[in-house]
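One structure is given here, and the rest of the page talks about it.
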Amino acid sequence: MNAQPLNDPDAPRGCPVAHGSAELTRLFGPEASTDPYGIYERLRKEHGSVAPVLLEGDVPAWLVLGYRDNRRVLDNPRQFSRDARIWRDWREGRVSETSPLIPMVGWRPDCVSQDGEPHRRLRGAVTDGLLAASSRGVRRHATYFANKQIDAFVDAGRADLVADYAEHLPMLVLTRILGLPTADGLRLVESCAQVFKGGEGALEHNERIMQILSELAERKRAEPGSDFATALLEHPAGLDHDEVVSHLRLVLIAAHTTTSNLLARVLQLVLTDAARLSGLVSGQLNISSVVEEVMWDTPPLAVLPGRFAAADLELGGHHIQEGELLILGLAAGNLDPEVRPDAAVAVQGNQSHLAFSSGPHECPGQNIGQSIIEIGVDVLLHRLPGLRLAVPSEELSSTASTWESRLDSLPVEFAV
């Protein structure tokens, strides 16, 4: 199995490494990349609703698998802090600043790394900025760039809707929202992907993102505009330069990566089900219901980093010690048999999925992402008559990292 024997007598008492099991499952690497849902199911059978696992560098963590346990962690920041400065493995030197986990788990001067009043101050600036941005034509930008992307392949009669469409449309819209030049946005597509993928290139790509966004903040300070960057700079909360850049990074990475993944999964579901496809084309089916279904079954972020136990506590029958890292299994929680005993039963109209997280850190930009997806699907279906898969549906494949599972490609054909 995808596990590593660990018999470390120096492991901190009660931490995942010191768990009663003789071996811990890795959530990264070649085996984990092929069947993450199978791993979640096995861990649930072996450990219950919370399981000890290893992250990159064999760093121990607790993976929360149960729906109710995920809700408890997400909704209780006093027990489960977002402040990585209390992370015991980092504080005691077992995780270095060069770890590929740092871009995803480490502390930053942004709202998702804070709790209480600091969180409210920074999140207020983000929420106000995104609200202003969403009122300035997100759907118009999405329509423009969707058509522009389609123009590039429409005469060929075939395309890969991942590489040619879903991977780029959200970033193009975000360039308008953030105030970035389009060329910079296109450069950042690969960097965002690499930060989520982890591995050797994660830190380098994170630095590239920070450099481009730092330059953007300096430009907007000198030449303000009607964009998110300017909104952060001018907000009454008085964000400093590092806070502005960190929040630009947060919105860029989270919004692009999750929206592109979700768009690809929605298109996959539509193109592998003739009834859904005809329903959308005829207008009898609302795209939002399809998006909702995907958010239950294949949420764009399968595992959410991270929370840290603020004190010794019990969760899912396990003793969690102060400062230990917990990661939230959003995909596993959505499929928890205690809340979905039959995953085949329709979830239409049920919005209580975990895809957007929950509690005080629930995704503030979810409406922007949903608008991009709705427009992206609608424009595509009406621009490409006879749209169909170019390969059998069973040939479609995905590759997973610790945090997400992404569709590799979506080859299609259509009438010219």
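The residues of the chain are indexed from 1 along the displayed sequence. Because the structure is a prediction, the values reported are computed rather than measured.
Note: Leu263 CG to Glu374 CD = 11.5 Å, rounded to the nearest 0.5 Å. A distance of 10.0 Å separates CG of Leu380 from CG of Asn147, quoted to the nearest 0.5 Å. Rounded to the nearest 0.5 angstrom, Met104 CE and Leu55 CG are separated by 10.5 Å. A distance of 4.0 Å separates SG of Cys192 from CG of Leu252, quoted to the nearest 0.5 Å. Summarising the geometry, atom CG belonging to Leu131 is positioned 9.5 Å from atom CG belonging to Asn367; distances are rounded to the nearest 0.5 Å. Note that the CZ atom of Arg72 and the CG atom of Leu313 stand 6.0 Å from one another [nearest 0.5 Å].
For the pair Leu328 and Phe80, the minimum side-chain heavy-atom distance is 4.5 Å or more. Leu407 is not listed as a side-chain neighbour of Leu267, based on a closest heavy-atom distance of 4.5 Å or more. Side-chain contact between Asp408 and Val162 is absent, with no heavy atoms from C-beta onward closer than 4.5 Å. A heavy-atom distance below 4.5 Å is found between the side chains of Leu169 and Val173. For the pair Glu243 and Arg108, the minimum side-chain heavy-atom distance is 4.5 Å or more. The closest side-chain heavy-atom distance from Leu396 to Thr272 is below 4.5 Å. When side chains are defined from C-beta on, Ile327 counts as touching Leu325, because their heavy atoms get closer than 4.5 Å. In this structure, Pro411 and Arg158 have side chains that are not in contact, with every pair of non-hydrogen atoms separated by 4.5 Å or more.
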Q: Report the C-alpha separation of Glu167 and Arg406 in whole Å, then their side-chain angles, then the decisive distance to 0.1 Å, and conclude whether the salt bridge (Lys or Arg N to Asp or Glu O under 4.0 Å) test is met.
A: CA-CA 10 Å; Glu167 286 293 340; Arg406 298 186 76 85; 3.1 Å; yes
Q.
side chain to side chain donor-acceptor pair (under 3.5 Å), that's the test. Do Tyr67 and Arg71 meet it? Break it down for me.
A. CA-CA 6 Å; Tyr67 181 91; Arg71 285 283 187 184; 3.0 Å; yes
Q: Assess whether side chain to side chain contact (heavy atoms under 4.5 Å, CB included) is satisfied between Leu180 and Ile212, documenting all intermediate values.
A: CA-CA 9 Å; Leu180 272 169; Ile212 289 175; 3.9 Å; yes
**Q.** Verdict with reasoning, Arg88 to Gln321, per side chain to side chain donor-acceptor pair (under 3.5 Å)
**A.** CA-CA 9 Å; Arg88 192 172 63 191; Gln321 288 199 333; 3.0 Å; yes
Q) Between Val105 and Trp87, is a side chain to side chain contact (heavy atoms under 4.5 Å, CB included) present by the stated rule, with each step listed? A) CA-CA 10 Å; Val105 183; Trp87 183 13; 3.7 Å; yes
Q: Report the C-alpha separation of Asp83 and Ser81 in whole Å, then their side-chain angles, then the decisive distance to 0.1 Å, and conclude whether the side chain to side chain donor-acceptor pair (under 3.5 Å) test is met.
A: CA-CA 5 Å; Asp83 191 338; Ser81 173; 5.2 Å; no
Q: For Met171 and Leu186, run side chain to side chain contact (heavy atoms under 4.5 Å, CB included): C-alpha distance rounded to whole Å, both residues' side-chain angles, the deciding distance at 0.1 Å, then the answer.
A: CA-CA 7 Å; Met171 182 62 80; Leu186 293 175; 5.5 Å; no
Q.
Using the rule given for side chain to side chain contact (heavy atoms under 4.5 Å, CB included), can you reason through Ile102 versus Glu97, listing the C-alpha separation, both sets of side-chain angles and the distance that settles it, and then say yes or no?
A. CA-CA 7 Å; Ile102 293 299; Glu97 291 293 342; 4.3 Å; yes
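Under the 3.5 Å distance criterion, the side-chain polar atoms of Asp273 are left unmatched by any main-chain donor or acceptor of Leu269. Under the 3.5 Å distance criterion, the side-chain polar atoms of Asn70 are matched with a main-chain donor or acceptor of Val64. Of the possible donor and acceptor atoms, one in the side chain of Thr402 sits under 3.5 Å from a partner among the backbone N and O of Leu27. His361 contributes a side-chain N or O that, together with a main-chain N or O of Gln114, makes up a donor-acceptor pair within less than 3.5 Å. Here the side chain of His353 pairs no donor or acceptor atom with the backbone of Glu292 at under 3.5 angstrom. Proximity of a side-chain donor or acceptor of Asp227 to a complementary backbone N or O of Thr230 within less than 3.5 Å is detected. Side-chain atoms of Ser99 do not come within 3.5 Å of backbone N or O of Val95 as any donor-acceptor pair. Panel note: side chain Trp296, backbone Asn350; a donor-acceptor pair is recorded below 3.5 Å. Asn334 places a side-chain N or O within donor-acceptor distance of the main-chain N or O of Met295, the cut-off being under 3.5 Å. With hydrogens and angles disregarded, a donor-acceptor distance shorter than 3.5 Å links the side chain of Ser33 to the backbone of Pro30.
Here Glu56 does not pair with Arg26 in a salt bridge; the nearest charged N to carboxylate O distance is not below 4.0 Å. Salt bridge annotation for Glu293-Arg276: present, with a cationic side-chain nitrogen under 4.0 angstrom from a carboxylate oxygen. Asp151 and Lys148 are not joined by a salt bridge, as no carboxylate oxygen comes within less than 4.0 angstrom of a charged side-chain nitrogen. With salt bridges taken as basic N to acidic carboxylate O contacts below 4.0 Å, one links Glu117 and Arg120. Ion pairing between a basic and an acidic side chain is recognised when a charged N comes within 4.0 Å of a carboxylate O; Asp336 and Arg68 show no such pairing. Electrostatic pairing of Glu190 and Arg208 does not count as a salt bridge here, judged by no charged N lying under 4.0 Å from a carboxylate O. With respect to the salt-bridge test (charged N to carboxylate O, under 4.0 angstrom), the residues Asp297 and Arg340 qualify.
Side-chain polar atoms of Arg176 and Thr182 form no donor-acceptor pair below 3.5 angstrom. A donor-acceptor contact under 3.5 angstrom links the side chains of Arg265 and Ser398, judged on distance only. Checked by atom type, the side-chain pair Ser409/Asp160 shows no donor-acceptor distance below 3.5 Å. With 3.5 Å as the limit, one finds a donor-acceptor pair spanning the side chains of Ser113 and Asp110.
At most 12 heavy atoms of other shown residues, nucleotides or ligands fall within 6.0 angstrom of atom CD in Gln351. Counted within 6.0 Å of CD on Glu314, heavy atoms from surrounding residues, nucleotides or ligands total more than 12; the atom is thus considered enclosed. Atom CD of Glu215 sits in a crowded spot, with more than 12 heavy atoms from other residues, nucleotides or ligands closer than 6.0 Å.
When all heavy atoms of Gly106 and Ala84 are compared, the pair lying nearest together is C-CB, 3.9 Å. Across every non-hydrogen atom of Thr259 and Pro170, the tightest pair is CG2-CG, 3.8 Å. Minimum interatomic distance between Val138 and Ser371 (heavy atoms only, all atoms of both residues): CG1-CB, 4.3 Å. When all heavy atoms of Ala309 and Ile86 are compared, the pair lying nearest together is O-CD1, 3.8 Å. Closest non-hydrogen pair, Gly57 versus Phe28, comes out as N-CZ, 4.1 Å. Contact record, Ala331 with Pro299: CA-CG, 3.6 Å, taken as the closest heavy-atom pair.
Between Phe196 and Trp403, the ring center distance fails the sub-6.0 Å criterion.
Within the structure, ring pair (Phe, Tyr, Trp, His ring centres under 6.0 Å) contacts touching residues 207-257 (residues at least two apart or in different chains) do not occur.
Ring pair Phe414/Phe153 is tilted by interplanar angle, where 30° to 60° counts as tilted.
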